[in-house]
Amino acid sequence: MMKPRFTSPPDPQGFRIHVWEVVRMIPLGKVATYGQIAALLPVPPGMSAQDFRAFAPRWVGGAMAACPADVPWQRVINAQGKSSLKGADQSRQQELLEAEGVEFDDRQRVDLKRFGWNGPEK
DNA sequence: TCCTTGACTCAGA
DNA sequence: CTCTGAGCCAAGG
């Protein structure tokens, strides 16, 4: 399969584990975007925050492509409020979220204002 | 070797 | 609110 790694971070494994850790914090019935998750992660040493912002979302996506079964991957969607998946996986994700109380509109979009995760704490 | 295509986001029209 | 195009890197046809 194609692995859209886009420039592996300094510590690919550690990065993915960190991503999963953040995803696991997303409360039931809420969703987070790749960028949101990326913003919660520490910027790798030697890399500017600006570059990190451009790369991180892809890395998060790459991490989700191989996430463990105990990670609520379905709660991670793109900044457009939609699933970046395709085909059967996309449908499965929507069903899982609807089962948690997340609503989708006619265009299969989630209202981030209502169901968006505010963050781990604040 | 060139061109397309990725679990992406942001700014601009 | 919706649609485009640019930015970034690698793998496959």
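Every chain is numbered from 1, with letters handed out A, B, ... down the list of sequences.
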What contact category does [X] fall into here, base, sugar-phosphate, or nothing, at under 4.0 angstrom with non-hydrogen atoms?
X: A/Q93; result: nothing
X: A/A79; result: sugar-phosphate
X: A/S83; result: nothing

In whole angstrom, give the distance that lies between atom [atom1] of [X] and atom [atom2] of [N].
X: A/F52; N: B/dT9; atom1: CZ; atom2: P; result: 13 Å
X: A/Q50; N: C/dA6; atom1: CD; atom2: P; result: 19 Å
X: A/N78; N: C/dC3; atom1: CG; atom2: C1'; result: 15 Å
X: A/L112; N: B/dT9; atom1: CG; atom2: P; result: 10 Å
X: A/W59; N: C/dA10; atom1: CH2; atom2: P; result: 11 Å
X: A/L40; N: B/dT9; atom1: CG; atom2: P; result: 13 Å
X: A/K113; N: C/dC1; atom1: NZ; atom2: C1'; result: 11 Å
X: A/Y34; N: B/dC10; atom1: OH; atom2: C1'; result: 17 Å

Counting side-chain heavy atoms from C-beta on, which of [options] comes nearest to [X]?
X: A/F55; options: B/dA7, C/dC8, B/dT9; answer: C/dC8
X: A/R58; options: B/dC10, B/dT9, B/dC8; answer: B/dC8
X: A/W73; options: B/dA7, B/dC10, C/dG7; answer: B/dA7
X: A/K86; options: B/dG6, B/dT9, C/dC8; answer: B/dG6

[atom1] gap between [N] and [M], integer Å:
N: C/dA11; M: B/dT9; atom1: C1'; value: 22 Å
N: B/dT1; M: C/dC8; atom1: P; value: 23 Å
N: C/dG5; M: B/dT4; atom1: P; value: 14 Å

Examine C/dT2: is either OP1 or OP2 under 4.0 Å from a nitrogen or oxygen in the side chain of A/R109? Give yes or no.
yes
Taking only side-chain N and O atoms of A/R107, does any of them lie within less than 4.0 angstrom of OP1 or OP2 on C/dT2?
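Yes, within the criterion.
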Do you know which of A/V23, A/L85, A/V22 makes side-chain contact (heavy atoms from CB on, under 4.5 Å) with A/V76?
A/V23
Given DNA chain B, 5'-ward residue of the pair A/R53 and A/M64, judged by closest heavy atom:
A/M64
May I ask you to test the A/M64-A/V60 pair for a side-chain heavy-atom distance under 4.5 Å?
yes
Listed partners of A/R53 passing side-chain hydrogen bond (donor to acceptor under 3.5 Å, both in side chains), at least two apart:
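Partners of A/R53 under the side-chain hydrogen bond (donor to acceptor under 3.5 Å, both in side chains) test: none.
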Got a sec, which hydrophobics cluster with A/L97, joining ILVMFWY side chains under 4.5 Å apart, including via others?
A/V31, A/I77, A/V102, A/F104, A/V110, A/L112, A/F115
May I ask you to say whether A/R114 pairs ionically with A/E103, meaning some side-chain N is under 4.0 Å from a carboxylate O?
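A salt bridge links A/R114 with A/E103.
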Give a yes or no answer on whether the side chain of A/D105 reaches the backbone of A/R109 with a donor-acceptor pair at less than 3.5 Å.
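Yes; judged by distance alone, with no hydrogens or angles, the pair exists.
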